[in-house]
Amino acid sequence: MNDGEAPAARTPSLGRGGVRLLALAATIALLSYGQAFFVTIFFSLFLSLALRPFVSLLERARMPRVAAILLVLAILIGGVALLIVNVSAQLQQFYLDLPLYQSKIRDVTSRLADFVRNVQERTGSILPEETRGVREVKITESSLETTRALLARLGSTLSTLLSAAAVPLLSFLMLKDREKFGRALSGILRRDRRFERLDVVGAISRSLTAYALGESFVVLIMAAATMLSLMALRVNYFYILGPLAGLCVLVPYVGVILSTIPAILVAYFQLGGRAAISVLVVYLVLQFLEGNILTPFIVGGKDRLFPLTVLVAFLFWGMLWGVAGAILAVPLTSALKVVCENVEEWQPIARLLGEPDEPLSADAV
């Protein structure tokens with residue numbers, strides 16, 4: 001009788017494991033399929049958390065909440081609009097200046113071609129003799145296919161613009177009714193016995209607010225410092241390169257490369273090799289200050305994630321949602337760590353993600 005009961009005892013465990021695996025796969029598929037929706041929601045949440053301290057400060061000065069939110073959003077939107085105007089002007093100037101850089105671009109291209117040719121001569125060609133020539137390929141495209149491609153591109157652009165326009169509206173609603181949303185989410189979570197004595201929503205809110213506010217300050221400081229440095233070096237397009245350097249702070253590991261290479265190329269083609277070296281030195285100094293002084297002092301260890309965790313999260317969310325996922329990788333993983341750390345059966349996952357945080361209090365939101 002005992003021999004017959006043993007397989008039956010193992011079956012539910014295998015069943016629960018299979019259900020969890022299927023649930024995880026379904027969640028990833030849902031996140032991938034609903035990319036536009038989830039990215040818009042998370043960016044709106046990130047913005048609302050970053051603006052929340054300023055709104056609270058105005059509320060303490062006896063300003064009504066709605067008026068405080070509208071004032072903060074108006075200042076933010078005005079600053080972004082002013083930046084877009086300046087960026088548009090410099091993009092137009094770039095197109096006008098592009099013919100002036102063509103000789104230098106051709107020179108660099110010819111040097112690269114000579115280098116590749118020398119390498120091929122020394123190592124031998126990989127292709128057989130009859131396939132070493134350049135083949136001419138003609139691609140014909142019907143007018144219908146061209147129209148479809150154009151409509152698809154217009155649709156994608158319109159979808160992006162609508163999502164961007166929805167972010168400040170969603171942030172306004174999140175800030176306006178933040179207590180209601182907090183109580184509703186806490187009520188839903190506390191139906192589960194694992195969360196009934198924990199303020200998980202409050203802990204996630206505090207963690208992400210500190211991260212969003214700190215990173216926002218770091219982005220603004222880096223953008224302003226880079227812009228002023230490029231202006232001092234008389235390198236063009238500083239209204240583009242400065243904000244780019246600030247935003248790339250949010251992208252782990254590769255953000256440094258994405259912000260530095262364009263600035264070096266612009267300095268080289270505009271002013272020459274010495275200016276390019278000067279820009280490289282300035283960027284290295286600024287990035288050293290950001291990584292060793294600004295971020296530790298302003299943001300601190302609030303995410304408390306291991307470097308390997310950050311890299312894996314960057315790869316996962318980046319593959320799932322592209323650039324938006326790379327930017328949201330750290331805050332989303334930090335929120336996951338807060339939840340796992342305060343559920344007993346999920347605590348090993350939290351220890352795998354990063355350093356332990358302080359335990360949550362049992363206070364309500």
- Task: Check the pair Phe38, Ile41 against side chain to side chain contact (heavy atoms under 4.5 Å, CB included), reporting the backbone distance first and the verdict last.
- Result: CA-CA 5 Å; Phe38 288 113; Ile41 293 295; 5.6 Å; no
- Note on the structure: Shortest non-hydrogen pair, Ile69 vs Phe172, comes out as CG2-CD1, 3.2 Å
- Item | Cluster overlap Leu228 with Val87, hydrophobic side-chain contacts below 4.5 Å | yes
- Query: Under the 3.5 angstrom rule, does the side chain of Thr295 hit a backbone N or O of Glu290 as a donor-acceptor pair?
  - Reply: yes
- Note on the structure: CD1 of Ile327 to CD of Glu215, rounded to nearest 0.5 Å, is 11.0 Å
- Message: Please tell me whether Leu271 and Tyr239 are part of a single hydrophobic cluster in this structure, the criterion being side-chain heavy atoms less than 4.5 Å apart.
- Response: yes
- Message: Does any part of the side chain of Leu83, heavy atoms only, come nearer than 4.5 Å to the side chain of Pro243, both counted from C-beta?
- Response: yes
- Look at the side-chain heavy atoms of Ile, Leu, Val, Met, Phe, Trp and Tyr, link any pair under 4.5 Å apart, and say whether Phe42 and Leu315 land in one connected group. yes
- Examine distances only and state if a side-chain atom of Ser32 and a backbone atom of Ala29 form a donor-acceptor pair shorter than 3.5 Å. no
- Main-chain N/O of Gly242 paired to Thr226 side chain as donor or acceptor, under 3.5 Å: no
- Qualifying residue for side-chain contact (heavy atoms from CB on, under 4.5 Å) with Asn236, from Met231, Gln93, Gln270: Gln270
- Query: Within the side chain of Gln90, is there an N or O that forms a donor-acceptor pair under 3.5 Å with the backbone of Phe238?
  - Reply: yes
- Message: According to a hydrophobic-cluster definition based on side-chain heavy atoms being under 4.5 Å apart (Ile, Leu, Val, Met, Phe, Trp, Tyr only), do Leu311 and Val249 belong together?
- Response: yes
- Task: With rounding to the nearest 0.5 Å, note down the distance linking CE in Met227 to CG in Asn86.
- Result: 8.0 Å
- Message: Go through it in stages, so that I can follow the logic: the residues are Trp317 and Leu328, the test is side chain to side chain contact (heavy atoms under 4.5 Å, CB included), and I'd like the CA-CA distance, side-chain angles, deciding distance and then a yes or no.
- Response: CA-CA 8 Å; Trp317 292 106; Leu328 293 169; over 6 Å; no
- Item | Nearest atoms (heavy-atom pairs only) where Ile264 meets Ala276 | O-CB, 3.8 Å
- Query: Between OG of Ser171 and CZ of Phe46, what distance do you get to the nearest 0.5 Å?
  - Reply: 11.0 Å
- Message: So that I can tick it off, tell me whether Arg178 and Glu59 are bridged by a salt bridge, with the cut-off set at under 4.0 angstrom between side-chain N and carboxylate O.
- Response: yes
- Query: Around atom CZ of Phe217, are there more than 12 heavy atoms of other residues, nucleotides or ligands at under 6.0 Å?
  - Reply: no
- Item | Interatomic spacing from CG in Leu71 to CD1 in Ile75 - rounded to 0.5 Å | 4.0 Å
- Query: Within the distance-only criterion (no hydrogens, no angle test), does the side chain of Ser48 pair as donor or acceptor with the backbone N or O of Leu175 below 3.5 angstrom?
  - Reply: no
- Message: For a 4.5 angstrom cut-off between non-hydrogen side-chain atoms, does Leu58 reach Phe54?
- Response: no
- Query: How many angstroms lie between CG in Leu352 and NZ in Lys337, if you round to the nearest 0.5 Å?
  - Reply: 11.5 Å
- Task: Using modelled atom types only, decide if a donor and an acceptor are shared between the side chain of Ser334 and the backbone of Val330 within a distance under 3.5 Å.
- Result: yes
